[in-house]
Amino acid sequence: MAQQAQPGTVDSSGSKVKTLRGAVVRFAGDSGDGMQVTGTQFTAATALAGNDLATFPDYPAEIRAPAGTTYGVSGFQINFAATDVFTPGDSPDVLVAMNPAALKTNGKDLKRGGLLIVNTGAFTPQNLKKAGYETNPLETDAVDGYNLLAIDITKNTLSAVKETGISSKEANRCKNFWTLGLMFWIYGRELESTIKWIESKFAKEPMVAQANVLALKGGWAYGEAAEISHYRYEVPAAPVAKGTYRNIGGNQATALGIAAAAQLSGVPVVFGAYPITPASDILHDLSRLKAYGVTTVQMEDEIAAVCVSIGASYAGKLGITASSGPGIALKTEAMGLAIATELPLVIINVQRGGPSTGLPTKTEQADLLQAVYGRNGEAPLAVFAAASPGDCFYMTLEAVRFAVKYMTPVMLLTDGYLANGAEPWRVPNVADLPEIDVTFRTDPAGFHPFLRDPATLSRPWAVPGTPGLLHRIGGIERDYNSGNISYDPDNHEKMSKTRAAKIAGMTRDIPDQKMELGNDSGKLLVLGWGSTYGAIREAVARSRERGLDVSHAHVRYLNPFPKNLGELLTRFERVLVPEMNLGQLVKLLRTEYLVPAESFTKIKGLPFKIDEIEEKIRQVMES
Amino acid sequence: MAQQAQPGTVDSSGSKVKTLRGAVVRFAGDSGDGMQVTGTQFTAATALAGNDLATFPDYPAEIRAPAGTTYGVSGFQINFAATDVFTPGDSPDVLVAMNPAALKTNGKDLKRGGLLIVNTGAFTPQNLKKAGYETNPLETDAVDGYNLLAIDITKNTLSAVKETGISSKEANRCKNFWTLGLMFWIYGRELESTIKWIESKFAKEPMVAQANVLALKGGWAYGEAAEISHYRYEVPAAPVAKGTYRNIGGNQATALGIAAAAQLSGVPVVFGAYPITPASDILHDLSRLKAYGVTTVQMEDEIAAVCVSIGASYAGKLGITASSGPGIALKTEAMGLAIATELPLVIINVQRGGPSTGLPTKTEQADLLQAVYGRNGEAPLAVFAAASPGDCFYMTLEAVRFAVKYMTPVMLLTDGYLANGAEPWRVPNVADLPEIDVTFRTDPAGFHPFLRDPATLSRPWAVPGTPGLLHRIGGIERDYNSGNISYDPDNHEKMSKTRAAKIAGMTRDIPDQKMELGNDSGKLLVLGWGSTYGAIREAVARSRERGLDVSHAHVRYLNPFPKNLGELLTRFERVLVPEMNLGQLVKLLRTEYLVPAESFTKIKGLPFKIDEIEEKIRQVMES
Amino acid sequence: MSNIVETTKLTKKDFESDQDVRWCPGCGDYSILANVQKVMPELGVPHENVVWVSGIGCSSRFPYYMNTYGFHTIHGRAPAIAMGVKIANPELSVWVVTGDGDGLSIGGNHLMHALRRNIDIKILMFNNRIYGLTKGQYSPTSEFGKQTKSAPTGAPDYPVDPASFAIGCSATFVARAVDTDAKLLNDILLRAAKHAGTAFMEIYQNCVVFNDGAFDGFADKTQKDEHQLRAIHGQPLIFGAQKNKGLRIDSRTLGLEVATIGEGGVTEKDILVHDETNSTLAYMLARMPFPQFPVAVGVLYAKERPSYDETVLEQVAAAKAKTKPDLQKLLASGNTWTV
Amino acid sequence: MSNIVETTKLTKKDFESDQDVRWCPGCGDYSILANVQKVMPELGVPHENVVWVSGIGCSSRFPYYMNTYGFHTIHGRAPAIAMGVKIANPELSVWVVTGDGDGLSIGGNHLMHALRRNIDIKILMFNNRIYGLTKGQYSPTSEFGKQTKSAPTGAPDYPVDPASFAIGCSATFVARAVDTDAKLLNDILLRAAKHAGTAFMEIYQNCVVFNDGAFDGFADKTQKDEHQLRAIHGQPLIFGAQKNKGLRIDSRTLGLEVATIGEGGVTEKDILVHDETNSTLAYMLARMPFPQFPVAVGVLYAKERPSYDETVLEQVAAAKAKTKPDLQKLLASGNTWTV
Ligand SMILES: Cc1ncc(C[n+]2csc(CCOP(=O)(O)OP(=O)(O)O)c2C)c(N)n1
Ligand SMILES: Cc1ncc(C[n+]2csc(CCOP(=O)(O)OP(=O)(O)O)c2C)c(N)n1
Ligand code: SF4
Ligand code: SF4
Ligand SMILES: [Mg+2]
Ligand SMILES: [Mg+2]
C-alpha cells in the first residue's frame, strides 16, 4: 500500500500529522544490532494501536557472520494499515539502515521517494569497505530520490544513556531502542508496552534496562526536538473483528495446532523430529508442551523420526513428524509403509528452496508434486496446505482430523515464508474448534485388522494392549479381509483400488472450494495455494478496484481436490495459477480437469510481491 | 497364439504330425522339481529349431518352501511360434503339472481343450492334502475339458535310470529330464544340445549325468512307444533376421549394457548397489565383469549405494546404481544432489509391486510419477524406459549416453517382468553400437565448474586429479558462473530454469516417436511404455487383422517426451494407454498435451494378457 | 481370542499364530521361534501387551508367526518403530527381531542409537552371516574374502562383530546365543526381559540354503564344549570338554590367553572371573578370535542405567505436575490485545 | 592455477581458497582449518590430488575454504561419497570433514561401514557436542540431561563416545585432538595421512555460540596438563602438571586407576605403557570418565589391515590378468545359435 499523504490531524506539538492508509517499514542492520527485537516491539505497539499488519524477518544464512559484512545483515519488515493486510508488503516506504552493509543490501528495495533513515555513526571507512562501498554512498547520488534522514544514532544513543554509567560497549547496544523510539514518534505509538517489556526482559540487569528505556525515550525526544515533523504520520486503526488477538508465526501456529489436536482428540501426540531449517522451531515449541500431551522425540535422522511416529500411531497415539527439503525426501519410504498399513500419521513439510540442500533459509513451493506423487508404487497420500501463518493452526487440526478418521497419512504443506512470517491472529474459542473423533476398536467380535468402515473405507484402529485383538500387519501386500500376507493378484488390485478410493472419498468431508474474492464465474480466476495467499488476495483486490473482472480462489485441499473445483474452473474464461516453483499445481489441474490453466511462477526464494501479480493480471486481461 | 492344427507332415515313425503356428507351454512343479532347468533347456532346443519365442519364469516368493505346498510351486512358461513372438503368451496350450500343488495353482490357467500332462506318481494322498485337495482331481470332473495325459513319471524315470545304479533319491531327481524328453518328442526337438549340456553340467558326477541322459531318452522313448502320436506337433521355424542369437533376460541385458557402456565410452563404471529383489541379479552379473571395467561395490544401504556412485561420477567414472521399490525411494535425497551438482549418474529402477514392500517378486509400472516428480524442489530428472528384455541393453546405453552428454542423472525404468522374462536376442555387432563420447575438461583457461556448453547447457566434467581445475561444488545453490555458494534470488531462478531447460532440451537428441504398428493417424492409438510392449504389439496386430483401425506406439523417452509426440497424439481420434498401475503415463500426457487420453489399467502384479488388451480395444472401438 | 484366555496361565501354544511358517526346511529360525514361544509365557506379561516388531529379511518374518501384536515394517527401521511403540505405551513389552543385514547393514544407525538411548526394547539379531531373503549376498558379518553371488572373488569388506559394536555403542545389555541351544536361549531371553533398557542379543543362526554350517566350528554339538565359553557372572571363565581351560589376562600387554588348569602350575584361581558389569571384559570376550579362542556366549555385559522411556516419563510427569493444561490459555499466550 | 604451481613446494597459502570464511567469530573451526592448511603441504601430495568431502553442518562447510577439490554433499553421507571418489581414483588423497551430528547422528551407519571396510580415507569429526548449523539442538555426543532448545528439561539420551564407537566398529586408526592444539593436530593429521586405511580423528571443537566452553575442563590451557593424557606408542601413560600421574590396571577386575608416581611405592614401571596396536587398551582409554580420569588424546589405536581399495584393486587386476575384455565375445556368451 503506497504511503500516500491524506488530509491529516494535528498532533500535541502542534504539527500537522499526515494520515496514511498504511505503510511498509523495514528495519535492517547488522546481526548484532538487534533488528529482530526492534521489529517485534514495533509490531507489538502497532498491533496495540489497532492496525492490521503482517511481518517478515530476513535472517542471514550464517549463524553469526562477522560484524559489518553484507551477508551478516538481518532485516525485519512490517506492513501495517487501517485496512486489512495480507502480506508483509512489497517495497518498503521506510527503510532503517543501521550500517552501510544494510544500506547496500536493502537500499535498492526502498520505494522511490521513500524515507531512508541511516545511522551515520556506523558509516565508518572500515564499515564502508566491509560493505563493498568505495565511497560513502550518503555523499553520492546513490541516495538521490529518497528522503534521507541521516542521523548519528550511535552518538545520540551514547549521550542518551550516559547517565546510567553503563560501559560504552553496552551503551552502544542500545542503538536499536533509540531507533525504535524515533520510529514510535514518527508513527505516534505509545512507549508504555515496550518499556514494560524491557523492564521484564532485563529484570536481572537493571542498569541495562534503564539504559534501553533511556535510549527509547531519547529517540522519541529527538523526533520532538529535531525539525522533522513533516515525517510524522498517523495510520488509523483497522476495522477488525472483535476478539482477543496475538501475533503468530506459522511454525508457532503449527505447534499450537498439534497441541490443540492432542487436547481436542484426547489422544496424546508423539512428535518425532530431526532438526532442519526452517522446521526446527516446531520441535522447539512442542518440546515445552509436555503437559499438553505432546511428547517430542529427537531422533537420529528423518527416517527414524517418521518411524518413531509410525510406531506411536500403531500403538494408539497421534504420530506426527515435521521436516523440510532433504528431510522430507528421506521419509519417502516410511510414508509408504504408513500408507500400506493404513495408520494415521501427519507429515508436516515446511518447504524451502531446492533441489538438494538448495536454499535452506529461503521459501519455495516446489514440493507439491513430490507430495502428491513421490513414492514407489501406487501410494496415495492426502495433501493439504496452509495459506497464512494463522491458517497453519487450522490446517494442522484438519490434517489430524482426516488422518484419524481415514486411518491414513496426511501431508501438510507450509513453507519458510509462512513459518517465519507473522500476522495478528484472533485467538479462537476452544469450544468453537472442530471436534476430532477417535474411536479405538475394542470389540473382538468379528474383528479383522482390515475390516473397513463402508462409508470411509477406513480400517479399525486396534492397538497393542487391547485384549482379544492380537493381529499382525506389515508392508507386504495384505489380504483384504484378514490382513495376512497375500500375493494374490486380484487381492492386490482390490487393495490398490481401495486405498485410492479411500483418499479420493475424502471429498465427502472436504469443504467445497469457496471464493476468496470476486464472483464465482467470469473472465479470470486467479487460483493459488499455500503462502501466496496474501499477495494474490491483495493483487486481486487492487485489480478489482481498477474495475477488472478477476476473482481469487485458494486451494487448501490439494489431494484430493474439493469436489466442486473442476466445475468452478469451467466457469471462468481463463485460469491463472501463480506459484513459487516452476508450475506444479497447474500440472495437477491440467491432468485432473483438462483445463488450459496458465502458470505464473517465481522461483527466487522470495514470496511474490503484490505488484508482480497485479501486473500479471493486467497483462493477462489485456492479452 | 491358439494351438490350431494345420495340414501336417509325417514323422519318422510314420505318424501324422500336426503343424501349428505356435504354442504356449508351461512347466509347473515343486521348487525341488527342477522346472527352471527344464524350461531353459526346452527353450534352448526351441531356439535352435528356429522358432521365435519368449519365456517367463514364476518363482515362489519363499526361498525354499516345504515340498508339495502350493506356495512352493515353481513355474516356467514359453511361447514359441513360426511367426514373431512378443510375449510369453497368455493361457498355456500345454500344462505340465509335476504334482498336485502345481495342478492346483496352474490348472485354471490352461486353455479349454489344452493338453494336461500330469505325473500321477506324485498324486499321493499326502501331496494331495498339502495341495488342499480333498479328493484326487484326476478322478473328478476337475479335469474335464482338457486332454489329460496322466503318466506315472516318477515310476517311468526310476526304471529308465535303473541301470546306472544311482540312489533312488537321486534317480527321483531325474524326473524333469524324463519329462523334457517327452516334450521334446511331442514337439520334435533334437536331444543333442541338451545331452551336451547335461554332460558338461554334471562333468564331475558322471553317474548323475548318465542318469539324466537316460531319463531324457526315456521320456522320448515313451512318446514313441505309447499311443499318443495324436499329440505330436510341429512348429515351423520363424522367418527371423539373419544373425547370431542368444536368449536374454532383462537384468542380464541391463548388466551387459553397463559393461558395454564402459567399453564404448572408455570410462570405467562404478556400480553401487544394495541387494533387492528383483534388481539384485544386475549386481551379480556385473560382479563377474571386473575385466570389462566394471567395479561393483556392495554398500550398506541404497543411500550409500547411490552416494558411492555419485562420488565415483564426481571423480570421473561412470556412476551407476540399481534398485527397486523401497530402495529407489531411499535414493531420493541423493538423486537431488546429483541433479543439483550436475553430475552424470544412471539410476536403474527395476520396478516391482508396491506400495511399501508390496509384492517384491511381482511386476508393476507404478514408479513412473515418482521418477518424474518425486523429489524435493524443482529437480528435473531424465526418465527412460525399456520395452523388452533385449531392449534393456539398448536403453541402458542410451541412459549412459545422455547422462554423460548432459551431465545429469538419468533414471532407467525396467520392471520385474522384463527382469525375469527372456527372449531371443540378436547379438549386436559392437561396431554398430552408438558411440558414447566423453570429454573431460583439462584446460584451465577460463575454467569454471558451471561454464555451460551453449547447445546442451551441460557443464564441464572436471575431475579431481586434473591440474589447474581445483574447485568446489555442493548441494547449496551454486552461482551460475563460479559455482560458489549463492543465495542470490535471481541466480536461483536462473539456475532453476537452466536445469529445467537442460532436461527439456534433450529432445534435440531424442529420436522422434515412431509407430510400432499401424498408421500414424486414425481412429485409435494404443500408447504404451515399458514391459507392456509385447502384449500391446500383439493385441494391436490381432485387432488390425480383424480390420480395426488401430495403431501402436511405444514411448521409451518419458521425460522429456519426444518432440513430435504431442502432434502425433492429435492425429488420432482416441488414445488408449494401458499400464500396470492405476494410470500414470496418462497423467503425464494429459498435463503435457491436454489430450483426453484414456487409461486402461491392470495392477495385479502380473503382465497384461494379449486377450485383455485386444478385448479392451474392441470395446473402445465399439463405444 | 477373548479376554478369558488371559486369566489362565498361557502356554507355548497360545503364542503360536495361525500362519504357516514359511522358512526353508531346516532353517535355524525354527528353533529360535520355538524357544521364544516357549519362554513367552514365563514373562507373566498379559498376552495383549506383547508386541513383536521386525524389519525385512527371512528373520524379520518372525512376528507373523507369533500370536501377539506384530508389525513387519521396513528394512532396517524396526528399532525406531519399536521405540515409537514403547514411548506411546510404556506398558507394552516390545521385542524386535532383526537380521545381520537388517540390523547391521541398512539398520546399523538405528541400532546404535537405540543401544545408547537404552530404550526398553529387546532386540534379537539373527546372525546367519548372509542375506537370506535376497538369496545369498554377503552381509556385514560375513568373513573377509567370503565368496558369494555378489562377490565371486571374495568379499572385500572386513566384518563387524555385533557384540563388540553394541559394546562400543554403550549398550547396557549384550548377550550371545546359538539358535539350537534351547537352554542358553531360554536363559538370555529371560534375563533380557528383566533388563530395564535395551537388551541386545546376537543369535548365531544357521541358514541351510546360503551359508550352511557357518557356525559348526563351535555350534555343533560335537564342538560346543570345546569351543564355546559360557560366561556366567561371578564364575571363572572356564571352558573345554574337560572344563580345564580358562581365560587369563596379561596385565601389562592387556592380552587374553587360554590357560589350561593343571598345566604349568595354573589353578582355577588364575582364571579370570566373569564380571558382566565390566564393559572392557565384555569387549575382550566379544572379540576373541576363533578358533584360537572359544566363542563367548551368554550374558557378556549387563548394567542398569536409566532407560530413555523412564526419563521421558519422568519429564512428562514433572511437566504435568507443574502445568495444568488449559488449551484456551495456551492459545492466548504471549502478547495479546483485545479489540 | 596451472601445472607449474605444483612443481614448487606448496605453502599454507596455496591451500587457502578465495571464499570468505563464514563461521562465527571465535569458532573452533578456524583453528582446525588453519592447522589443516598448514599440514597439507607436508603430505607431498600433488595439489590437484587432494579432495575434501563433507556432509552438512557448520563443520561441513570446510571444503569451501580449502583450495583443493571439494565436495559439500548431503547430511551424513560424506563417507559413502568419499568412498566412491577413492574407488574411482585411488591416486587421490581423500579427506572427509564431518560433525558429531553429521557423522554420528544421521551418518552413523556410513561411518561404521567405512571404518570396518578400512577404505583409505581420512575422517575428521569436529565434535562440538551440539548441532551448530541448525542453531543449538543436542547431538548424540551431548551430555545426558543437557538443556537445549529441543530439550528444555534435559536430553533424555545417553551419549555415544565417538572413539569407542569407532573401536567397536573395528576401526584401524583412532585418534583424538583438540581444536586449538596445533602441535597435537599436526601430529595426528600426519599420522593419519600415512595410515593406509580409514583414519578416524575426533577433534574437540568449541562452538562459541551454542555450547561455549564445553571442553574447558581439559582443553583450556590452564587445565590441559592436569586433565589431558597424551597417548604415545611405547611410552608410559603419564599425565599431570607434574607429570607424576599415570594409569594402572587391576588385572583381576580389569579396571583402570590413576596412580601417582612416588606415592605408595608407585614407580614409573608400574604405569601402563601405551600400545597403540591393542584395541582393548584403546577402548579403555577412550571411555575413561571425566573428570575422575584425564581425557586421552593422540593416537589411541593404529593397526594396519588390508584396505578396501587395495583389495578391490587386487581383484580387478586379477580379473584383468585372467580375461582380456572382448565386448563382442561377452555379448555373445552363453548358448547362441545362428540363423
Ligand atoms: C529398502 C530395502 N532395501 C533392500 C531390501 C531387500 N532386502 C530384503 S531382506 C534383505 C537382507 C536380509 O538380510 P538379513 O537381515 O541378514 O536377514 P536374513 O534374510 O538373513 O534373515 C535385503 C537386502 C528391502 N526389502 N528394502
Ligand atoms: C537430511 C537433512 N536433515 C537435516 C538437515 C539439517 N541439518 C543441517 S546440519 C545439521 C546438524 C549439524 O550438526 P553437526 O554435524 O554436529 O555440525 P555442526 O554444525 O555442529 O558443525 C542438521 C540437523 C539437513 N541439512 N539435511
Ligand atoms: S534362506 Fe536361509 S535364513 Fe532364509 S529361511 Fe532359508 S535357511 Fe532360513
Ligand atoms: S554455530 Fe558454533 S560451530 Fe557453528 S560456526 Fe558458530 S561457533 Fe562454530
Ligand atoms: Mg542374515
Ligand atoms: Mg556439532
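All chains are named by letter (A, B, ...) in the order of the sequence lines, taking the proteins before the strands, and each is independently numbered beginning at 1. Keep in mind it's a predicted model, so treat the numbers as computed, not measured. Basis for what follows: all heavy atoms, side chains included, without hydrogens, waters or symmetry-related copies.
- Proximity to chain A involves both the backbone and the side chain of C/Q328, based on heavy atoms less than 4.5 angstrom apart.
- Checked against C/L33 for a side-chain contact (heavy atoms from CB on, under 4.5 Å), the options C/M66, C/K38, C/R61 give a single hit: C/M66.
- A/S193 and A/E190 share no donor-acceptor pair across their side chains, judged by distance under 3.5 Å alone.
- The residue among C/V50, C/I56, C/N89, C/T73 with the most heavy atom pairs within less than 4.5 Å of chain A is C/T73.
- When the candidates C/A88, C/G70, C/S54 are compared by the number of heavy-atom contacts under 4.5 Å with chain A, C/G70 comes out ahead.
- Contact detail for C/V21 and C/Y65: the closest heavy-atom pair is CA-CE2, 3.6 Å.
- No donor-acceptor pair closer than 3.5 Å links the side chain of C/W95 to the backbone N or O of C/I121.
- Looking at A/P424, both its backbone and its side chain come within 4.5 Å of chain C, counting heavy atoms on both sides.
- Contacts of A/A305 with chain C are absent, with no heavy-atom separation under 4.5 Å from either backbone or side chain.
- If you measure heavy-atom distances from C/L92 to chain A, the contacts under 4.5 Å come from the side chain alone.
- Of the two parts of A/A462, only the backbone, made up of N, CA, C and O, holds a non-hydrogen atom closer than 4.5 Å to a non-hydrogen atom of chain C.
- Both the backbone and the side chain of A/A47 come within less than 4.5 Å of a heavy atom in chain C.
- Seen from the ring of A/F80, A/R189 counts as a face-on cation partner, given the 6.0 Å and 45° thresholds.
- Proximity to chain A is limited to the backbone of C/T68, based on heavy atoms less than 4.5 angstrom apart.
- At a 4.5 Å heavy-atom cutoff, the contact between A/Y292 and chain C is made by backbone and side-chain atoms alike.
- With chain A as the partner, the residue from C/I87, C/N335, C/L330 showing the most heavy-atom pairs under 4.5 Å is C/L330.
- One side chain, A/K331 or A/T321, offers a donor N or O that lies under 3.5 Å from an acceptor on the other.
- Each of A/T43, A/T46, A/T40 was evaluated against A/N247; a single residue qualifies, A/T43, per the side-chain contact (heavy atoms from CB on, under 4.5 Å) test.
- Side-chain contact annotation: C/N118 with C/S307, donor-acceptor N/O pair under 3.5 Å absent.
- Residue contact with chain C, scored on non-hydrogen atoms closer than 4.5 Å, involves the side chain of A/V270 exclusively.
- Residue contact with chain A, scored on non-hydrogen atoms closer than 4.5 Å, involves the side chain of C/V51 exclusively.
- C/E48 and A/T466 are not linked by any side-chain donor-acceptor pair at a separation below 3.5 angstrom, with hydrogens and angles left out of the test.
- Only the side chain of A/W425 comes within less than 4.5 Å of a heavy atom of chain C; its backbone N, CA, C and O stay farther away.
- Residue A/L289 touches chain C through its side chain alone, counting heavy-atom pairs closer than 4.5 Å.
- Looking at A/V463, only its backbone comes within 4.5 Å of chain C, counting heavy atoms on both sides.
- Heavy-atom distances place both the backbone and the side chain of A/P428 under 4.5 Å from chain C.
- For the residue pair C/T336 and A/T244, no side-chain donor N or O sits within less than 3.5 Å of a side-chain acceptor on the partner.
- For C/A332, the parts sitting under 4.5 Å from any heavy atom of chain A are the backbone and the side chain alike.
- The greatest number of non-hydrogen atom pairs below 4.5 Å with chain A, out of C/A82, C/S333, C/P79, is found for C/S333.
- Taking the six-membered ring wherever Trp is involved, the centroid distance between the rings of C/W52 and C/Y69 does not fall below 6.0 Å.
- Note that SG of C/C58 and CZ of C/F126 are 11.0 Å apart. Values are rounded to the nearest 0.5 Å.
- Contacts between A/D301 and chain C at a heavy-atom distance below 4.5 Å involve the side chain alone, from C-beta outward.
- Stacking of A/R472 on the aromatic ring of C/Y64 is not recorded, the 6.0 Å distance cut-off and the 45° axial limit not both being met.
- Neither the backbone nor the side chain of A/S482 comes within contact range of chain C, judged by heavy atoms closer than 4.5 Å.
- If you measure heavy-atom distances from A/F393 to chain C, the contacts under 4.5 Å come from the side chain alone.
- A donor-acceptor contact closer than 3.5 angstrom links the side chains of C/N128 and C/Q205.
- Ion pair C/R117/A/E300 flagged as a salt bridge, since at least one NZ, NE, NH1 or NH2 atom sits closer than 4.0 Å to an Asp/Glu carboxylate oxygen.
- The salt bridge (Lys or Arg N to Asp or Glu O under 4.0 Å) analysis of residues 69-90 of chain C, with sequence neighbours excluded, yields the pairs C/K86-C/D120.
- Residues of residues 100-109 of chain C that come within less than 4.5 angstrom of chain A, heavy atom to heavy atom, are C/N109 in numerical order.
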